[in-house]
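Notes to accompany the following structure.
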Amino acid sequence: MSNDATLLLALIIVGLITFGFRLSFIALMDRLRLPPLLQRALRYVPAAALTAIITPELLIRDGAVFLSPLNARLIAGIIAIAVAWRTKNTLLTIAAGMIALWLLQWIIR
């Protein structure tokens, strides 16, 4: 079996395992009753995961923390956070953050 075929087979298997794992939660949700404390804790998982993905992009450049007025991503992120806090509108938050990033990159460069 070639390397390409092996890679493709591995991707398909991992995809099926991931799909099955996620589907099991959806399919078993009616039958499975989680404790109220766990249900409350699970509400914070998406925000925590998103924060873990976004924070390094805002703060780290070339392997070092980059806290500067010249960090366009950090400033655009702060603007997006402010818009999200004030409006609670996801689409408006994304649009404001992207527009701020594009403008700041254009101004700073």
Side-chain angles (χ1 to χ4, degrees):
M1 189 179 286
S2 72
N3 285 343
D4 291 339
T6 303
L7 178 62
L8 181 61
L9 182 61
L11 288 173
I12 289 170
I13 291 171
V14 169
L16 289 172
I17 290 170
T18 301
F19 179 77
F21 187 69
R22 291 179 181 198
L23 180 65
S24 68
F25 282 103
I26 295 168
L28 296 175
M29 206 54 170
D30 287 338
R31 296 184 190 125
L32 179 66
R33 291 291 164 211
L34 299 174
L37 180 64
L38 183 58
Q39 285 180 348
R40 279 197 319 268
L42 287 175
R43 285 191 297 197
Y44 297 103
V45 169
L50 191 58
T51 301
I53 293 168
I54 292 174
T55 301
E57 283 299 315
L58 298 180
L59 298 176
I60 298 175
R61 285 287 158 261
D62 300 322
V65 175
F66 182 45
L67 298 175
S68 164
L70 299 178
N71 186 346
R73 289 182 180 202
L74 178 58
I75 296 169
I78 292 168
I79 291 169
I81 290 168
V83 170
W85 177 61
R86 295 290 293 158
T87 66
K88 310 275 191 277
N89 184 320
T90 305
L91 189 56
L92 187 59
T93 300
I94 293 169
M98 287 306 301
I99 290 168
L101 179 63
W102 292 332
L103 287 173
L104 287 165
Q105 285 179 336
W106 181 70
I107 291 168
I108 290 173
R109 290 186 189 202

Self-check item: ILVMFWY clustering at 4.5 Å (side-chain atoms), partners of Tyr44
Solution: none
Practice problem: First locate atom OG1 of Thr18, then atom CD1 of Ile13, and finally report the distance between them rounded to the nearest 0.5 Å. | Solution: 11.5 Å
Quiz item: Within the distance-only criterion (no hydrogens, no angle test), does the side chain of Thr55 pair as donor or acceptor with the backbone N or O of Ala52 below 3.5 angstrom?
Solution: no
Exercise. Under 4.5 Å between side-chain heavy atoms, chaining through other members, with only Ile, Leu, Val, Met, Phe, Trp and Tyr counted: pull out the rest of the cluster around Leu8, sorted by chain and number.
Key: Ile12, Leu16
Self-check item: Same apolar cluster: Leu58 and Ile78, side chain cutoff 4.5 Å
Solution: yes
Practice problem: To the nearest 0.5 Å, tell me how far Ile75 CD1 sits from Ser68 OG. | Solution: 7.5 Å
Quiz prompt | Contacts of Gln105 that satisfy side-chain hydrogen bond (donor to acceptor under 3.5 Å, both in side chains) - sequence neighbours left out | solution = none
Quiz item: CG of Leu103 to CE of Met98: how many Å apart, nearest 0.5 Å?
Solution: 11.0 Å
Quiz item: What distance separates Asn71 CG from Leu59 CG, expressed to the nearest 0.5 Å?
Solution: 7.5 Å
Practice problem: Using the rule that two of Ile, Leu, Val, Met, Phe, Trp, Tyr join whenever any of their side-chain heavy atoms come within less than 4.5 Å, decide whether Phe66 and Ile108 are in one cluster. | Solution: yes
Quiz prompt | Neighbour count >12 (heavy atoms, 6.0 Å) for atom CZ, Arg86 | solution = no
Quiz prompt | Rounded distance (nearest 0.5 Å) linking atom CG of Leu7 with atom CG of Asn3 | solution = 8.5 Å
Self-check item: Residue Leu42 excluded, over 12 heavy atoms near CG under 6.0 Å
Solution: yes
Quiz item: When rounded to the nearest 0.5 angstrom, what distance separates OG1 in Thr93 from NZ in Lys88?
Solution: 9.5 Å
